[in-house]
Amino acid sequence: MTTHTKTNLDGVHSDVKVVEKPTKERSHDLFLRFLGLSLTLVATILVGVDNQTKVISYAEMKFRATAKWEYMSAMVFFVVSNAIACSYAAASLVITVMARSSGTRKSDFTDLVITALDLVLMALLFSANGAACAVGLIAQKGNKHLQWMKVCDVFDTYCRHMTAALVLSIIGSSVFLLLVLHSVLKLHYRSRS
């Protein structure tokens with residue numbers, strides 16, 4: 001807080017206190033957006049380049065089998081959702097940095113739109129994580145009632161990479177949840193003052 005002494009034309013002195021708003025909330029916002037960008041980018045790349053080919057023996061026959069993310073619609077949803085979240089995080093990070101560097105404060109409308117989009121992306125990521133997790137559990141444990149065999153016994157490297165990407169994406173979803181909570185609390189405190 002800075003105090004300035006100002007003299008008007010009548011010679012009367014007045015002390016004006018200028019309250020400088022800390023940029024702590026913006027630095028939290030920037031950090032969370034960068035973290036969300038990084039996590040969803042690594043998850044997308046990890047799944048996007050993941051494939052494994054094995055020779056499988058079955059009833060005295062041998063054949064080559066390949067595990068790729070494109071073969072399961074849940075994994076396609078997972079990769080596309082993480083790519084969309086990564087792109088959005090990059091765009092919102094640029095918007096936030098530009099607003100910070102220009103010295104102007106973002107309008108309430110911009111805050112509201114970014115908060116709404118954060119919420120949409122959080123829901124998209126959580127739904128993609130749920131779908132990928134369900135398919136991953138079937139690949140890991142199989143389903144005896146439907147006679148679905150375990151796949152991760154054969155494609156162990158592929159399953160480990162998918163599990164790591166899923167964990168990163170779940171953390172990324174949680175980061176978007178924190179962004180939504182941060183924005184809602186910020187709008188709440190702003191409306192109270």
Side-chain angles (χ1 to χ4, degrees), residues 24-54 66-97 111-146 148-188:
K24 189 175 186 179
E25 74 180 30
R26 285 189 181 166
S27 64
H28 286 11
D29 190 53
L30 289 175
F31 173 72
L32 289 173
R33 291 192 186 284
F34 181 74
L35 189 60
L37 168 70
S38 303
L39 290 167
T40 55
L41 177 65
V42 172
T44 303
I45 291 171
L46 194 58
V47 174
V49 299
D50 192 20
N51 64 0
Q52 186 178 8
T53 303
K54 288 271 185 135
T66 302
K68 285 187 173 184
W69 63 273
E70 299 119 1
Y71 297 159
M72 298 289 295
S73 58
M75 295 304 163
V76 172
F77 179 45
F78 179 79
V79 171
V80 170
S81 297
N82 275 285
I84 290 170
C86 179
S87 302
Y88 167 74
S92 65
L93 184 65
V94 167
I95 290 169
T96 306
V97 167
D111 283 346
L112 185 63
V113 168
I114 286 179
T115 301
L117 289 174
D118 287 344
L119 184 64
V120 168
L121 266 294
M122 179 199 66
L124 181 69
L125 279 175
F126 274 124
S127 66
N129 293 337
C133 189
V135 169
L137 280 175
I138 291 173
Q140 191 112 43
K141 304 209 183 258
N143 189 332
K144 291 180 183 178
H145 301 291
L146 297 174
W148 290 347
M149 298 176 2
K150 298 176 184 179
V151 177
C152 288
D153 292 344
V154 178
F155 300 107
D156 55 342
T157 305
Y158 176 79
C159 287
R160 279 196 308 264
H161 289 170
M162 291 301 294
T163 302
L166 185 59
V167 168
L168 290 173
S169 184
I170 289 171
I171 296 169
S173 304
S174 301
V175 166
F176 278 98
L177 175 63
L178 289 175
L179 278 168
V180 170
L181 291 174
H182 181 257
S183 297
V184 167
L185 286 173
K186 188 170 56 174
L187 288 171
H188 173 72

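The distance from atom CG of Leu93 to atom CG of Leu35, rounded to the nearest 0.5 Å, is 11.5 Å. With values rounded to the nearest 0.5 angstrom, Ile45 atom CD1 is found 11.0 Å from Leu168 atom CG. Atom CG of Leu179 sits about 9.0 Å away from atom OG1 of Thr115, to the nearest 0.5 Å. Between Cys133 atom SG and Ile138 atom CD1 the span is 10.5 Å, to the nearest 0.5 Å. The line from CG of Leu181 to CG of Leu119 is 10.0 Å long, rounded to the nearest 0.5 Å. Here CG of Leu178 is found 6.0 Å from CG of Leu32. Values are rounded to the nearest 0.5 Å.
Legend: residues meeting side chain to side chain contact (heavy atoms under 4.5 Å, CB included) with Met72, ordered by chain and number and at least two apart, are Met75, Val135. Listed by chain and residue number, nothing satisfies the side chain to side chain donor-acceptor pair (under 3.5 Å) test with Tyr158 (two or more places apart in sequence, or in another chain). Annotation: disulfide (SG to SG under 2.5 Å) contacts of Cys159 (sequence neighbours excluded): Cys152.
Screening Leu125, Ile170, Thr40, Leu39 for a side chain to side chain contact (heavy atoms under 4.5 Å, CB included) involving Val175 leaves a single residue, Leu39. Of the residues listed (Val120, Leu185, Ile114, Asp118), the one engaging Val180 in a side chain to side chain contact (heavy atoms under 4.5 Å, CB included) is Asp118, and it is the only one.
Under the 4.5 Å side-chain criterion, counting only non-hydrogen atoms from C-beta, Val47 is not in contact with His161.
Ser81 contributes no side-chain N or O that, together with a main-chain N or O of Phe78, makes up a donor-acceptor pair within less than 3.5 Å.
Between Ala89 and Gly36, the shortest heavy-atom distance links the atoms CB-C, 4.4 Å. Summarising the geometry of Ala85 relative to Leu121, their closest heavy-atom pair is CA-CD1, 3.3 Å, with the distance given to 0.1 Å. Closest approach of Ala74 and Ala132 over heavy atoms only: CB-N, 4.5 Å. The two residues Ala165 and Leu46 come nearest to each other via the heavy atoms N-CD2, 3.6 Å.
Remark: Phe126 CZ is packed, more than 12 non-hydrogen atoms of other residues, nucleotides or ligands lying under 6.0 Å away.
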